[in-house]
Amino acid sequence: MNRHILMIEDNEQNRYLAGFLLQARGWEVVHAEDGPSGLRMAEERVPALILLDIQLPGMDGYAVARSLRTNVLLTSVPVVAVTSYAMPGDREQCLAAGCDGYIEKPIDPDSFVFEVERFLGADS
(Lines give C-alpha, C1' and ligand atoms only; values in the text may rest on other atoms or scores of the structure.)
Protein backbone atom coordinates (compact mmCIF):
# COMPACT_ATOMS: atom_id res chain seq x y z
CA MET A 1 0.00 0.00 0.00
CA ASN A 2 1.18 3.51 -0.83
CA ARG A 3 1.88 5.28 2.52
CA HIS A 4 3.25 8.44 0.88
CA ILE A 5 1.62 11.85 1.46
CA LEU A 6 2.75 15.05 -0.23
CA MET A 7 2.11 18.28 1.67
CA ILE A 8 2.36 21.49 -0.31
CA GLU A 9 2.63 24.16 2.39
CA ASP A 10 4.85 27.23 2.74
CA ASN A 11 4.58 27.63 6.52
CA GLU A 12 7.28 25.70 8.37
CA GLN A 13 5.27 25.32 11.60
CA ASN A 14 2.25 23.97 9.72
CA ARG A 15 4.47 21.50 7.86
CA TYR A 16 6.06 20.36 11.10
CA LEU A 17 2.80 19.80 12.99
CA ALA A 18 0.97 18.02 10.18
CA GLY A 19 4.02 15.93 9.34
CA PHE A 20 4.56 14.96 12.96
CA LEU A 21 0.94 13.85 13.39
CA LEU A 22 0.86 11.87 10.14
CA GLN A 23 4.25 10.23 10.68
CA ALA A 24 3.17 9.12 14.16
CA ARG A 25 0.38 7.22 12.41
CA GLY A 26 2.80 5.55 9.98
CA TRP A 27 2.58 7.85 6.96
CA GLU A 28 5.65 8.97 5.04
CA VAL A 29 5.31 12.72 4.49
CA VAL A 30 7.30 14.82 2.06
CA HIS A 31 6.95 18.57 1.79
CA ALA A 32 7.00 21.15 -0.95
CA GLU A 33 7.14 24.85 -0.08
CA ASP A 34 5.48 26.17 -3.25
CA GLY A 35 3.20 25.09 -6.07
CA PRO A 36 5.74 24.44 -8.83
CA SER A 37 7.93 22.23 -6.64
CA GLY A 38 4.82 20.46 -5.36
CA LEU A 39 3.74 19.67 -8.90
CA ARG A 40 7.19 18.28 -9.71
CA MET A 41 7.28 16.17 -6.55
CA ALA A 42 3.79 14.80 -7.17
CA GLU A 43 4.75 13.64 -10.64
CA GLU A 44 8.12 12.17 -9.57
CA ARG A 45 6.56 9.93 -6.92
CA VAL A 46 2.81 9.65 -7.16
CA PRO A 47 1.55 10.01 -3.57
CA ALA A 48 -1.47 8.36 -1.97
CA LEU A 49 -2.78 11.85 -1.13
CA ILE A 50 -1.85 15.50 -1.53
CA LEU A 51 -2.47 18.07 1.21
CA LEU A 52 -2.58 21.50 -0.37
CA ASP A 53 -2.41 24.95 1.18
CA ILE A 54 -4.28 27.54 -0.87
CA GLN A 55 -2.26 30.64 0.02
CA LEU A 56 1.10 29.80 -1.53
CA PRO A 57 3.81 32.06 -2.94
CA GLY A 58 3.96 32.43 -6.71
CA MET A 59 1.26 29.93 -7.66
CA ASP A 60 -1.81 29.69 -5.45
CA GLY A 61 -3.38 26.42 -4.41
CA TYR A 62 -6.30 26.82 -6.80
CA ALA A 63 -3.90 26.87 -9.76
CA VAL A 64 -1.99 23.92 -8.30
CA ALA A 65 -5.21 21.89 -7.91
CA ARG A 66 -6.29 22.66 -11.47
CA SER A 67 -2.85 21.62 -12.76
CA LEU A 68 -2.88 18.40 -10.73
CA ARG A 69 -6.25 17.50 -12.25
CA THR A 70 -4.89 17.82 -15.80
CA ASN A 71 -2.02 15.38 -15.15
CA VAL A 72 -3.11 11.87 -16.14
CA LEU A 73 -0.72 10.35 -13.57
CA LEU A 74 -2.41 12.25 -10.74
CA THR A 75 -6.12 12.37 -11.59
CA SER A 76 -6.98 9.61 -9.12
CA VAL A 77 -4.88 11.03 -6.26
CA PRO A 78 -7.09 12.73 -3.65
CA VAL A 79 -6.23 16.41 -3.13
CA VAL A 80 -7.32 17.95 0.16
CA ALA A 81 -7.13 21.69 0.74
CA VAL A 82 -5.74 22.53 4.18
CA THR A 83 -6.30 26.24 4.47
CA SER A 84 -7.11 29.18 6.68
CA TYR A 85 -9.57 30.38 4.02
CA ALA A 86 -12.80 29.87 5.97
CA MET A 87 -15.20 32.47 4.63
CA PRO A 88 -18.51 31.51 3.02
CA GLY A 89 -17.77 30.10 -0.42
CA ASP A 90 -14.11 29.23 0.23
CA ARG A 91 -14.80 25.50 0.59
CA GLU A 92 -16.80 25.50 -2.64
CA GLN A 93 -14.04 27.37 -4.45
CA CYS A 94 -11.49 24.73 -3.35
CA LEU A 95 -13.74 21.92 -4.56
CA ALA A 96 -14.42 23.71 -7.86
CA ALA A 97 -10.65 23.99 -8.46
CA GLY A 98 -10.31 20.21 -8.19
CA CYS A 99 -9.84 19.47 -4.51
CA ASP A 100 -11.61 16.41 -3.13
CA GLY A 101 -11.88 17.82 0.37
CA TYR A 102 -11.28 20.75 2.65
CA ILE A 103 -9.80 21.01 6.16
CA GLU A 104 -9.70 24.34 7.97
CA LYS A 105 -6.63 25.70 9.72
CA PRO A 106 -5.66 25.80 12.42
CA ILE A 107 -5.79 22.03 12.34
CA ASP A 108 -7.07 20.12 15.35
CA PRO A 109 -4.27 17.76 16.46
CA ASP A 110 -6.85 15.36 17.94
CA SER A 111 -8.78 14.86 14.69
CA PHE A 112 -6.46 15.89 11.83
CA VAL A 113 -5.11 12.45 10.95
CA PHE A 114 -8.60 10.94 10.99
CA GLU A 115 -9.88 13.73 8.73
CA VAL A 116 -7.01 13.07 6.30
CA GLU A 117 -7.40 9.29 6.36
CA ARG A 118 -11.07 9.43 5.46
CA PHE A 119 -9.99 10.58 1.99
CA LEU A 120 -7.81 7.48 1.65
CA GLY A 121 -10.51 4.85 2.10
CA ALA A 122 -11.10 2.16 4.67
CA ASP A 123 -7.73 0.43 4.36
CA SER A 124 -5.68 3.35 5.74
Side-chain angles (χ1 to χ4, degrees):
M1 177 179 155
N2 184 352
R3 301 287 296 174
H4 175 75
I5 293 176
L6 171 62
M7 181 170 210
I8 306 172
E9 166 67 65
D10 63 322
N11 182 286
E12 184 178 354
Q13 291 175 330
N14 291 338
R15 287 193 311 267
Y16 175 80
L17 177 58
F20 176 82
L21 295 169
L22 291 163
Q23 288 168 347
R25 180 86 168 158
W27 293 99
E28 177 187 345
V29 181
V30 294
H31 305 278
E33 294 183 19
D34 58 45
S37 61
L39 292 171
R40 280 191 304 277
M41 291 174 78
E43 195 168 325
E44 288 169 5
R45 183 172 175 197
V46 178
L49 179 124
I50 298 170
L51 298 174
L52 176 63
D53 186 21
I54 298 301
Q55 189 174 355
L56 293 167
M59 179 182 201
D60 69 29
Y62 302 121
V64 173
R66 286 189 293 273
S67 184
L68 289 166
R69 289 299 168 227
T70 64
N71 186 323
V72 69
L73 295 174
L74 303 170
T75 55
S76 65
V77 176
V79 177
V80 179
V82 181
T83 181
S84 59
Y85 287 7
M87 298 297 291
D90 286 337
R91 180 182 191 281
E92 293 73 18
Q93 192 171 354
C94 291
L95 299 176
C99 293
D100 298 289
Y102 172 91
I103 298 172
E104 279 184 35
K105 289 180 193 172
I107 63 170
D108 179 352
D110 294 328
S111 64
F112 178 71
V113 174
F114 300 107
E115 289 181 69
V116 169
E117 287 180 342
R118 73 184 173 105
F119 293 100
L120 292 161
D123 59 349
S124 44

Please give me the minimum heavy-atom distance between Ala81 and Cys94, naming the atom from each residue. CB-SG, 3.8 Å
Which pairs with one or both residues in residues 46-67 pass side chain to side chain donor-acceptor pair (under 3.5 Å), sequence neighbours excluded? Asp53-Lys105
Scanning both residues in full, the closest heavy-atom pair of Trp27 with His4 reads CE3-N, 4.3 Å
Step-by-step side-chain contact (heavy atoms from CB on, under 4.5 Å) determination, Met59 to Leu39: CA-CA 11 Å; Met59 179 182 201; Leu39 292 171; 3.7 Å; yes
Across all chains, not counting sequence neighbours, the side chain to side chain donor-acceptor pair (under 3.5 Å) partners of Asp34 are Ser37
Sequence neighbours excluded, the answer for side-chain contact (heavy atoms from CB on, under 4.5 Å) partners of Leu17 is Leu21, Ile107
Residue pairs involving residues 78-101 (criterion salt bridge (charged side-chain N to carboxylate O under 4.0 Å, His left out); sequence neighbours excluded): Arg69-Asp100
Considering only residues two or more places apart or on different chains, which pairs with a residue in residues 77-87 satisfy side chain to side chain donor-acceptor pair (under 3.5 Å)? none
Honestly curious: do Val77 and Leu51 fall in one hydrophobic cluster under the side-chain, below-4.5 Å linking rule? no
Which pair of non-hydrogen atoms, one from Ala48 and one from Leu120, has the smallest distance, and what is that distance? O-CD2, 3.4 Å
Can you hop from Val82 to Tyr16 via hydrophobic side chains spaced under 4.5 Å? yes
Drop me the distance from Glu117's CD to Phe112's CZ, to the nearest 0.5 angstrom. 10.0 Å
Answer yes if Val80 and Val29 sit in the same cluster of Ile, Leu, Val, Met, Phe, Trp and Tyr residues linked by side chain heavy atoms under 4.5 Å apart, and no otherwise. yes
Sequence neighbours left out, what pairs pass salt bridge (charged side-chain N to carboxylate O under 4.0 Å, His left out) with at least one residue falling in residues 106-115? none
Rounded to the nearest 0.5 Å, how far apart are CD of Glu9 and CG of Leu56? 7.0 Å
Using side-chain heavy atoms (C-beta onward) and a distance below 4.5 Å, is Cys99 in contact with Val79? yes
Test of understanding: with salt bridge (charged side-chain N to carboxylate O under 4.0 Å, His left out), list the residues that count as partners of Glu44, not counting sequence neighbours. none
Applying a strict under-4.5 Å side-chain criterion to I, L, V, M, F, W and Y, I'd like to know whether Met41 and Ile8 cluster together. yes
Any salt bridge (charged side-chain N to carboxylate O under 4.0 Å, His left out) pairs touching residues 12-23, not counting sequence neighbours? Arg15-Glu33
Please check if Leu6 and Leu73 belong to a single hydrophobic cluster, counting links between Ile, Leu, Val, Met, Phe, Trp and Tyr side chain heavy atoms closer than 4.5 Å. yes
In terms of heavy-atom contacts, Arg45 and Glu28 come closest through NH1-OE2, 2.7 Å
side-chain contact (heavy atoms from CB on, under 4.5 Å) with Ala24: which residues, sequence neighbours excluded? none
Cluster companions of Tyr102 among Ile, Leu, Val, Met, Phe, Trp, Tyr (side-chain spacing under 4.5 Å): none
Apart from Met87 itself, what residues make up its hydrophobic cluster when side-chain heavy atoms of I, L, V, M, F, W and Y under 4.5 Å apart count as a link, directly or indirectly? none
